[in-house]
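Working notes, structure below.
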Amino acid sequence: MEVIKERFKAKAEAAGAEIKDLLKEHGSKKIGEVSLSQIYQGMRGITGMVTETSLLDPQEGIRFRGYSIPELQEKLPKAKGGSEPLPEGIFYLMLVGEIPTEEDVQLLTSVWQRRSHVPNHVFDVIDAFPLSAHPMTMFVAAIMAMQTESHFSRAYAKGINKKDYWGYIFEDSMDLIARLPRVAAYVYRRKYKNNEHIQPDGLLDWAGNLAHMMGYEDPSFFELMRLYMTIHADHEGGNVSAHTTHLVGSSLSDPYLSFAAGMNGLAGPLHGLANQEVIKWIFEMREALNTAKPTPEQIADYVNSTLASGKVVPGYGHAVLRKTDPRFTAQMEFGKKHMPNDPLVQTVWNIYDTVPPILTALGKVKNPWPNVDAHSGALLVHYGMNEYEFYTVLFGVSRALGVLASLCWDRALGFAIERPKSVTTDSVKAWLKGEGEIWGD
Ligand code: CMX
């Protein structure tokens with residue numbers, strides 16, 4: 001085995017060096033409309049798909065159906081006595097394209113309540129994991145276990161007209177969204193709270209019920225969950241979780257299979273898992289420095305040591321955004337309102353002052369500003385949720401709203417199976433020498 005690994009290593013190192021040189025010389029050369037650098041470097045900047053639910057402006061940040069986060073905080077219906085938007089509202093907005101009324105949102109709350117029953121075998125699947133398993137692993141397995149309930153798969157097996165696909169995708173999406181808070185809370189209570197579970201409260205909204213079933217009853221934590229579930233819901237279509245759900249769905253895999261695939265992508269540390277990495281990194285910094293309130297100088301030193309050890313600074317940077325993420329700002333505002341003196345939250349703000357100039361000085365980081373994940377964990381810790389490995393599950397529950405609304409649109413518009421063309425480096429080299437053609441050029 002070692003021999004094969006060594007052979008692979010030698011080949012990969014040589015190919016890596018060759019590709020670097022090739023891009024240095026020919027990176028701007030185009031195959032069709034697309035440059036070689038874009039093909040080799042994560043398809044950055046290629047517009048190649050339609051996602052109706054939201055649009056990301058590199059300078060301004062996300063807009064959901066044209067509305068910015070502050071606009072949504074103003075316009076979307078709220079819970080009684082609350083001031084944050086109910087996530088039912090953003091789902092309605094993404095799905096229907098219009099700001100919902102109070103009645104529309106109440107209807108969604110009651111429909112999701114009615115559909116929230118989770119079959120017992122799903123809990124058996126979660127229970128089968130050792131406690132050491134990561135919460136995202138349990139969460140994804142539970143979503144897969146719920147696939148037994150898919151209306152789309154059952155109907156497809158019997159035979160349906162392609163014009164009717166969207167209706168079954170819609171039903172599955174509504175069921176799945178309705179069930180996710182129960183599943184997420186079950187994972188949380190099993191792993192961290194002695195397997196003692198809390199039954200849903202039939203009078204609560206979707207996010208409020210999630211907070212309740214996890215065991216948090218502070219009204220301002222309910223507000224945090226409503227805000228959290230709203231701002232994490234969607235970030236246009238090219239990010240890994242949205243794109244994966246869309247891609248897998250394009251082969252007519254049902255919403256359970258498609259969403260589970262997207263969640264596997266969210267579980268990567270460069271995407272959604274960054275929210276756990278941020279708090280882990282701050283906890284490690286506090287331990288290394290032996291203080292709960294590191295000074296800006298201490299933070300700068302720690303950031304430099306993180307970079308020197310070949311790691312990224314979690315929560316900073318973005319493939320599309322070029323300014324501070326408005327999702328970060330919304331959470332900062334929440335922190336200023338509810339917990340301005342919390343030392344961990346203040347540390348997040350000190351990191352915000354410290355990191356961008358350091359990343360800018362590296363000269364290669366395209367966006368030195370914080371993303372959504374830089375802030376979320378500190379707010380959760382404030383309420384006692386220290387179990388940072390669970391944070392990506394919360395992100396995932398929210399992300400269901402956007403990617404499943406998009407999946408309904410994908411099938412309603414009859415989008416094709418996704419199948420871009422790829423090349424080999426040998427075919428590129430031959431093309432550069434004028435010895436071969438590349439399809440699409
Ligand atoms: N810390 C250190 N280096 C960073 C960095 C960071 N936060 N962000 C980017 N860089 C580096 C890249 O690793 C890359 O280095 P190499 O050329 O040596 O490979 C270089 O800067 C250029 O990268 P980029 O074009 O600026 O960024 P990408 O579009 O390739 O990647 C992202 C974007 C988010 C993966 C990257 O900024 C990153 O790794 N950030 C930290 C992880 C993180 O917070 N992810 C969450 C993103 C939001 C989300 O999806 O939830």
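Along the sequence shown, the residues carry numbers beginning at 1. Counting starts at 1 for both ligands and their atoms, following the listed order.
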> Which one of Lys78, His212, Arg226 satisfies the side-chain hydrogen bond (donor to acceptor under 3.5 Å, both in side chains) criterion with Asp205?
Replying inline: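 Filter result, single survivor: Arg226.
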Close N/O pairs between ligand 1 and protein, under 3.5 Å:
| residue | atom | partner | partner atom | Å |
| --- | --- | --- | --- | --- |
| ligand 1 | 1 (N) | Val313 | N | 2.9 |
| ligand 1 | 7 (N) | Val313 | O | 2.9 |
| ligand 1 | 7 (N) | Tyr316 | O | 2.8 |
| ligand 1 | 15 (O) | Lys364 | NZ | 3.3 |
| ligand 1 | 18 (O) | Lys364 | NZ | 2.8 |
| ligand 1 | 25 (O) | Lys366 | NZ | 2.8 |
| ligand 1 | 26 (O) | Lys366 | N | 2.8 |
| ligand 1 | 29 (O) | Arg44 | NE | 3.2 |
| ligand 1 | 29 (O) | Arg44 | NH2 | 3.0 |
| ligand 1 | 30 (O) | Arg44 | NH2 | 3.2 |
| ligand 1 | 40 (N) | Tyr316 | O | 2.8 |
| ligand 1 | 44 (O) | Gly315 | N | 2.8 |
| ligand 1 | 44 (O) | Asn371 | ND2 | 3.0 |
| ligand 1 | 45 (N) | Leu270 | O | 2.8 |
| ligand 1 | 50 (O) | His271 | ND1 | 2.6 |
| ligand 1 | 51 (O) | His271 | O | 3.3 |
| ligand 1 | 51 (O) | Asp373 | OD2 | 2.5 |

> Is there any salt bridge (Lys or Arg N to Asp or Glu O under 4.0 Å) pair reaching into residues 11-20, and which pairs are they, with sequence neighbours excluded?
Replying inline: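 Residue pairs passing salt bridge (Lys or Arg N to Asp or Glu O under 4.0 Å), neighbours aside: Lys9-Glu13, Glu18-Lys429.
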> Going by atom types only, do Ser250 and Asp410 share a side-chain donor-acceptor pair under 3.5 Å?
Replying inline: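 Distance-only check fails for Ser250 and Asp410.
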>> Taking the ring of His271 and the ring of His235, is the distance between their centroids below 6.0 Å?
In response: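 No - the distance between ring centres of His235 and His271 does not fall below the 6.0 Å cut-off.
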> Between Arg63 and Glu60, is a salt bridge (charged side-chain N to carboxylate O under 4.0 Å, His left out) present by the stated rule, with each step listed?
Replying inline: CA-CA 9 Å; Arg63 277 185 180 266; Glu60 205 199 359; 2.7 Å; yes
> Phe91 pairs by ring-ring contact (aromatic ring centres under 6.0 Å, His included) with which of Phe170, Trp112, Trp206?
Replying inline: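 Of all the options given, the one that passes is Trp112.
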